[in-house]
Peer 1: 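Before I ask anything, let me first share the structure, which is written out below as structure tokens.
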Amino acid sequence: MKRQKRDRFQRAYLHGYKAGISGRSRDDCPSQDVNIREYWMSGWREGRGDQWAGMTGVSGIHKNPMVI
């Protein structure tokens, strides 16, 4: 059975969100591609905002369940 590949941009967003929610620096973006970096930074910004709002751990599961 073939598995459908996930979208590169969705993966970049989720990895950026994980980095932001865990408090990592935005300089940790692994990609130099402008489009992927844009999605990563967007996820990072949302993750940082959620971290500052206190949505870490179990309290943040309802916000973005794909991040688990």
Side-chain angles (χ1 to χ4, degrees):
M1 176 168 65
K2 290 185 179 180
R3 286 180 22 174
Q4 181 179 8
K5 284 190 173 184
R6 290 183 290 170
D7 184 21
R8 294 180 350 171
F9 300 121
Q10 180 186 10
R11 282 189 11 223
Y13 177 85
L14 289 176
H15 286 214
Y17 184 86
K18 288 178 187 178
I21 200 82
S22 65
R24 290 181 22 214
S25 172
R26 67 178 175 195
D27 296 331
D28 291 343
C29 180
S31 179
Q32 297 302 319
D33 181 18
V34 176
N35 294 327
I36 293 176
R37 185 173 176 84
E38 183 178 321
Y39 277 86
W40 192 93
M41 288 297 293
S42 178
W44 182 84
R45 278 188 220 100
E46 188 169 345
R48 285 298 273 189
D50 288 351
Q51 183 195 31
W52 292 332
M55 288 194 239
T56 59
V58 176
S59 62
I61 289 176
H62 72 283
K63 173 73 174 154
N64 199 344
M66 292 184 67
V67 175
I68 296 174

Peer 1: Rounded to the nearest 0.5 Å, what's the gap from OH on Tyr17 to CZ on Arg48? Could you check?
Peer 2: 12.5 Å
Peer 1: Should side-chain heavy atoms under 4.5 Å link Ile, Leu, Val, Met, Phe, Trp and Tyr, which residues sit in the same cluster as Trp52?
Peer 2: none
Peer 1: Please report, to 0.1 Å, the donor-acceptor pairs under 3.5 Å made by any side chain of residues 23-40, with sequence neighbours excluded.
Peer 2:
from	atom 1	to	atom 2	distance (Å)
Arg24	NE	Asp28	OD2	3.4
Ser25	OG	Asp27	N	3.1
Ser31	OG	Asp33	N	3.1

Peer 1: Which value, rounded to the nearest 0.5 Å, describes the distance between Trp44 atom CH2 and Gln51 atom CD?
Peer 2: 9.5 Å
